[in-house]
**Student:** 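Quick one: the structure is below, and I'll ask about it shortly.
Predicted model, so just to flag it, every value in this text is computed and none were measured. In the text below, chain A, chain B and the rest are named by the order of the sequence lines, each starting its count at 1.
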Protein chains: 2
Amino acid sequence: MSKKPGIPKGTRDFSPVEVAKRQYIMSAIKKHFETFGFQPIETPSFENSETLMGKYGEEGDRLIFKILNSGDYLSKVDDTVYDDRNSTRMTKFISEKALKYDLTVPFARYVVMHQNEIDLPFKRYQIQPVWRADRPQKGRFREFYQCDADVVGSNSLWQEVEFVQLYDAVFNELKVDGVTIKINNRKILSGIAEVIGAKDKLIDFTVALDKLDKIGEEGVKKEMLAKGISEEAIDKVQPLFSFSGSNENKLDQLASLLSNSEEGTKGVEELGFIIDAINTLGLKSSKLELDVTLARGLNYYTGAIFEVTAPENVKIGSIGGGGRYDDLTGIFGLKGISGVGISFGLDRIYLVLEELGLFPDVLEDTIDVLFINFGEQEALASLKAIGSLRAAGVKAELYPDAAKMKKQMGYANKRNVPFVVMIGGEELANNTAVLKNMTEGTQETLNMDELSKAFKK
Amino acid sequence: MSKKPGIPKGTRDFSPVEVAKRQYIMSAIKKHFETFGFQPIETPSFENSETLMGKYGEEGDRLIFKILNSGDYLSKVDDTVYDDRNSTRMTKFISEKALKYDLTVPFARYVVMHQNEIDLPFKRYQIQPVWRADRPQKGRFREFYQCDADVVGSNSLWQEVEFVQLYDAVFNELKVDGVTIKINNRKILSGIAEVIGAKDKLIDFTVALDKLDKIGEEGVKKEMLAKGISEEAIDKVQPLFSFSGSNENKLDQLASLLSNSEEGTKGVEELGFIIDAINTLGLKSSKLELDVTLARGLNYYTGAIFEVTAPENVKIGSIGGGGRYDDLTGIFGLKGISGVGISFGLDRIYLVLEELGLFPDVLEDTIDVLFINFGEQEALASLKAIGSLRAAGVKAELYPDAAKMKKQMGYANKRNVPFVVMIGGEELANNTAVLKNMTEGTQETLNMDELSKAFKK
């Protein structure tokens with residue numbers, strides 16, 4: 001085979017520099033997940049199909065990558081199904097496993113399976129890849145990492161308060177200023193639908209309202225009408241299309257709009273609690289904004305809804321999101337366990353840091369010192385010195401061949417190695433080494449003790 | 001759905017403690033990969049099927065997990081193929097992607113695809129999961145991590161020397177004493193086959209010889225005969241069935257047995273170089289052993305072959321392996337680039353550490369301090385104190401609800417939290433906090449400054 005090889009659409013190779021940058025972001029997220037008391041778990045890359053199918057809506061089902069059964073998989077297909085030759089109908093006969101589509105549903109499955117080993121409230125985080133057969137575009141891939149933190153087994157609104165703080169802590173650590181943490185509450189959306197008398201159309205209503213940023217007031221109204229929400233009903237929510245002012249102002253307006261809805265009033269109270277607490281505690285570099293158009297795609301949120309948007313000068317959409325879902329483990333038969341969680345979008349955050357030039361200049365993508373190879377005996381002496389440097393944590397490498405000096409130095413330059421050590425014939429005889437500082441161009445002759453000490457940072 | 005959910009055969013959930021233990025091993029491996037000058041890369045979880053198929057033999061092809069195409073995948077199947085209803089033949093029509101089976105072939109694909117961005121010699125490491133539809137058993141899973149380090153673009157035997165040191169460094173770091181690093185050379189195996197006049201049967205010969213440990217001398221001979229290797233030829237290799245003594249002794253015996261084979265003699269020289277260098281440099285806690293029966297399953301090794309076995313008192317088979325493969329990128333059209341690499345078997349190493357009790361007692365699987373929740377105002381004051389502790393890297397958590405004291409302390413005990421802080425009504429009034437040491441049972445009242453200082457480690 002001499003065809004140049006490629007990789008599947010929507011997947012990526014990561015070079016050493018890219019790995020270092022991704023690790024930089026993941027380390028910041030992990031650090032704050034842990035100081036906030038979350039513990040890591042991991043779940044398999046693929047799940048039984050029945051665990052995933054039907055949990056993300058029809059579109060989700062289509063976008064889940066299915067794994068073909070091993071062996072003579074066609075032998076398990078009913079003849080009538082086979083004769084029908086319908087891909088959708090065939091799938092469950094030839095595929096029993098699927099790559100995970102997000103971390104939340106497998107986590108719900110985990111909680112139900114391990115309920116006897118877990119102490120509630122259970123605060124877990126997961127940083128793992130997920131897969132979606134989506135059309136790739138900027139910042140959207142078929143294989144990508146999700147970084148999730150969730151708490152199950154507590155109804156306390158302090159969790160929501162802490163999640164706002166957690167977003168702020170991570171983006172502050174990454175030096176991303178001016179992030180907006182948008183917050184809403186599903187109960188407010190329900191309350192609005194109730195007040196306008198379109199309770200049965202809540203999903204249509206929220207899906208349409210969620211598009212206000214994208215398609216504008218007229219577009220949203222058109223969609224609502226098309227979904228069978230009356231013009232009269234839409235008129236009643238008119239204030240929502242030009243909602244502004246401080247979070248407190250918005251809360252006041254909502255309180256009056258929803259005063260006749262028990263659920264809506266509850267939502268206003270919950271949001272008020274969170275906003276008050278954050279006002280008292282303060283945020284480092286993000287701002288919290290009540291956004292009543294925020295609904296998000298998934299239908300399982302029952303309380304708070306979060307979405308984080310990048311600083312205004314970066315056009316990239318949301319870089320995180322989450323919310324409270326009172327019924328999540330219910331889909332696996334365990335009722336009455338509330339969960340709330342947030343997610344960080346690693347790839348989007350990467351693009352934000354790239355665009356704003358926020359990656360540190362020196363990310364560890366090279367070695368500390370290269371030893372030049374002058375031949376067998378010299379190389380052996382070099383490896384002895386390298387051994388003690390490595391034991392002290394120094395990243396050290398021997399050039400593999402006794403190639404021409406120019407070639408070896410060229411390699412050191414290309415890899416931006418800050419120091420080069422030369423043990424040639426003379427040094428070998430004297431048990432010394434020449435240490436060259438590649439940045440400054442200086443060099444000095446040291447004995448082996450001095451060489452070790454030179455790298456003690 | 002109320003059926004209790006499960007996970008696919010051969011896959012695993014990892015609890016916080018298990019994640020911590022796995023991270024402990026991976027950190028040790030990663031640390032030494034980096035001090036030895038290797039840089040991390042990552043490749044996608046799935047590859048185009050043509051990248052993987054045919055690279056691991058017929059058995060490998062069967063064990064590769066294939067991903068079903070999205071959409072109306074059956075529409076792309078030829079009618080004659082569909083009518084034939086043969087699973088093996090059908091697969092390539094309905095599946096174009098496959099989960100990676102190891103890290104080496106995707107790495108070869110990476111080198112070829114990115115040859116213009118890479119400076120040779122290129123030293124890379126990868127710690128990523130791979131998937132095999134193998135029958136699960138102790139220490140063998142369908143999803144598992146490989147930890148690989150490879151160098152491409154250098155023929156130097158110093159790489160082999162360094163890989164022996166790298167194995168030693170990692171197992172010494174993990175406190176696993178008495179690991180045996182077995183080494184052989186493909187050229188020696190070829191030389192033997194040449195000397196006995198069965199050069200065309202090299203693969204059959206090495207596969208049989210590799211089983212000496214498992215099926216004994218008689219078994220190996222029987223298999224060789226069955227494969228068409230003559231009794232006379234087998235007699236010529238009789239010394240190999242009772243090979244013993246020091247590495248130097250073995251080298252001498254091989255040198256004489258292979259004196260008429262150019263390739264064999266080259267293999268003896270190469271092994272001699274590596275063994276001499278390691279004798280001079282010394283190993284920390286492993287031993288290097290020339291094992292002429294070592295052939296390993298894969299056919300792409302052309303020089304050194306490595307295999308690492310656990311200390312004698314642990315029955316688990318190999319915990320690492322590798323070797324030199326001169327032609328690996330050749331399968332993707334890039335000739336003349338030599339590679340050599342080793343792999344660590346994470347799951348097997350985990351079992352070794354578990355069996356020998358070598359995991360550190362305190363792996364980070366809990367928080368440093370829990371704040372008791374006494375109500376809204378107290379919780380708010382607690383979150384303020386928690387904020388400054390977290391900023392200093394302390395893992396701190398507020399109990400989410402103002403539950404009964406007994407319940408909150410019970411949670412602290414179950415999670416083995418070493419310290420508990422109580423800010424109740426009195427403390428709130430005085431701006432103080434009670435710090436309780438859960439190990440010693442002592443407690444003291446501190447002001448907020450003192451509290452922060454108490455956690456400065």
**Student:** Give, as side chain, backbone, both or neither, the part of B/Lys66 having an atom under 4.5 angstrom from any heavy atom of chain A.
**Tutor:** both
**Student:** Dump the intermediate steps for side chain to side chain contact (heavy atoms under 4.5 Å, CB included) on B/Tyr399 and A/Trp158, then the final yes or no.
**Tutor:** CA-CA 9 Å; B/Tyr399 193 85; A/Trp158 290 113; over 6 Å; no
**Student:** What part of A/Ile41 lies closer than 4.5 angstrom to a heavy atom of chain B: side chain, backbone, both or neither?
**Tutor:** both
**Student:** Can you tell me which of B/Leu380, B/Thr43, B/Ile67 forms the most heavy-atom pairs within a distance under 4.5 Å of chain A?
**Tutor:** B/Leu380
**Student:** If we define contacts as heavy-atom pairs under 4.5 Å, which of A/Gly37, A/Ser156, A/Pro44 has the most with chain B?
**Tutor:** A/Pro44
**Student:** Please identify each residue that fulfils side chain to side chain donor-acceptor pair (under 3.5 Å) with A/Tyr73, with sequence neighbours left out.
**Tutor:** B/Thr91
**Student:** What part of A/Val77 gets within 4.5 angstrom of chain B, counting heavy atoms only: side chain, backbone, both, or neither?
**Tutor:** both
**Student:** Considering only heavy atoms, which portion of A/Phe36 lies under 4.5 Å from any heavy atom of chain B: side chain, backbone, both, or neither?
**Tutor:** both
**Student:** Given that the side chain runs from C-beta out, which part of B/Leu99 has a heavy atom under 4.5 Å from chain A: side chain, backbone, both or neither?
**Tutor:** side chain
**Student:** By a 4.5 Å heavy-atom criterion (distance strictly below it), what part of A/Lys123 contacts chain B: side chain, backbone, both, or neither?
**Tutor:** side chain
**Student:** So which of B/Val17, B/Ile94, B/Thr88, B/Ile118 has the largest heavy-atom pair count under 4.5 angstrom toward chain A?
**Tutor:** B/Ile94
**Student:** Mind listing the closest non-hydrogen atom pair of A/Pro400 and B/Gln159 along with its distance?
**Tutor:** CB-NE2, 2.7 Å
**Student:** With a 4.5 angstrom heavy-atom cut-off, which part of B/Glu376 approaches chain A: side chain, backbone, both or neither?
**Tutor:** both
**Student:** Any salt bridge linking B/Arg85 with A/Asp83? Criterion: basic side-chain nitrogen under 4.0 Å from a carboxylate oxygen.
**Tutor:** no
**Student:** Can you name the nearest heavy-atom pair linking A/Arg109 to B/Pro5, along with the distance?
**Tutor:** CG-CB, 3.6 Å
**Student:** Side chain, backbone, both or neither: which part of B/His114 has an atom under 4.5 Å from a heavy atom of chain A?
**Tutor:** side chain
**Student:** Under a 4.5 Å cutoff for heavy-atom pairs, which residue among A/Phe273, A/Tyr125, A/Phe38 has the most contacts with chain B?
**Tutor:** A/Phe273
**Student:** Is it the backbone or the side chain of B/Glu47 that comes under 4.5 Å from a heavy atom of chain A, or both, or neither?
**Tutor:** both
**Student:** Is there a donor-acceptor contact under 3.5 Å from the side chain of B/Tyr411 to the main chain of A/Leu120?
**Tutor:** no
**Student:** Side chains of A/Leu383 and B/Gln165: closer than 4.5 Å at any heavy-atom pair?
**Tutor:** yes
**Student:** Need one label for A/Glu42: side chain, backbone, both or neither, based on atoms under 4.5 Å from any heavy atom in chain B.
**Tutor:** both
**Student:** Does any heavy atom of chain B fall under 4.5 Å from the side chain of A/Lys97, the backbone, both, or neither of them?
**Tutor:** side chain
**Student:** Can you see which heavy atom on B/Gly6 is nearest to which on A/Met113, and at what distance?
**Tutor:** CA-SD, 3.7 Å
**Student:** Do the side chains of B/Glu162 and A/Arg390 get close enough for a salt bridge, i.e. N-O under 4.0 angstrom?
**Tutor:** yes
**Student:** To the nearest 0.5 Å, what is the distance between CD on A/Gln126 and CZ on B/Phe14?
**Tutor:** 12.0 Å
**Student:** Given the options A/Pro121, A/Ser15, A/Gly54, which has more heavy-atom pairs under 4.5 Å with chain B than any of the others?
**Tutor:** A/Pro121
**Student:** What is the ring orientation for A/Tyr82 with B/Tyr82, classed by angle as parallel under 30°, tilted 30 to 60°, or perpendicular over 60°?
**Tutor:** parallel
**Student:** Using a 4.5 angstrom heavy-atom cutoff, name the option from B/Ala133, B/Ala98, B/Ala396 with the most pairs to chain A.
**Tutor:** B/Ala396
**Student:** Pick one of side chain, backbone, both or neither for A/Leu157, based on which atoms fall under 4.5 Å of a heavy atom in chain B.
**Tutor:** neither
**Student:** Could you tell me whether a side-chain N or O of B/Tyr110 sits under 3.5 Å from a main-chain N or O of A/Asp13, the two making a donor and an acceptor?
**Tutor:** no
**Student:** Tell me every residue that passes side chain to side chain donor-acceptor pair (under 3.5 Å) with B/Thr329, counting only those two or more places apart in sequence or in another chain.
**Tutor:** none
**Student:** Grab the two heavy atoms, one from B/Lys4 and one from A/Val112, that are nearest each other, plus how far apart they are.
**Tutor:** CE-O, 4.0 Å
**Student:** Most heavy-atom pairs under 4.5 angstrom with chain B, which of A/Gly387, A/Ser95, A/Ser45, A/Ser154?
**Tutor:** A/Ser45
**Student:** Hey, which residues of residues 276-283 of chain A are touching chain B, say heavy atoms under 4.5 Å apart?
**Tutor:** A/Ala277, A/Thr280, A/Leu281
**Student:** Just jot down the side chain to side chain contact (heavy atoms under 4.5 Å, CB included) partners of A/Asp84, sequence neighbours excluded, or say none.
**Tutor:** A/Asn86, A/Arg89
**Student:** For the candidates A/Thr11, A/Asn48, A/Ile367, which exhibits the highest count of non-hydrogen atom pairs separated by less than 4.5 Å from chain B?
**Tutor:** A/Asn48
**Student:** Against chain B, label A/Ser70 side chain, backbone, both or neither, depending on which of its atoms sit under 4.5 Å from a heavy atom there.
**Tutor:** side chain
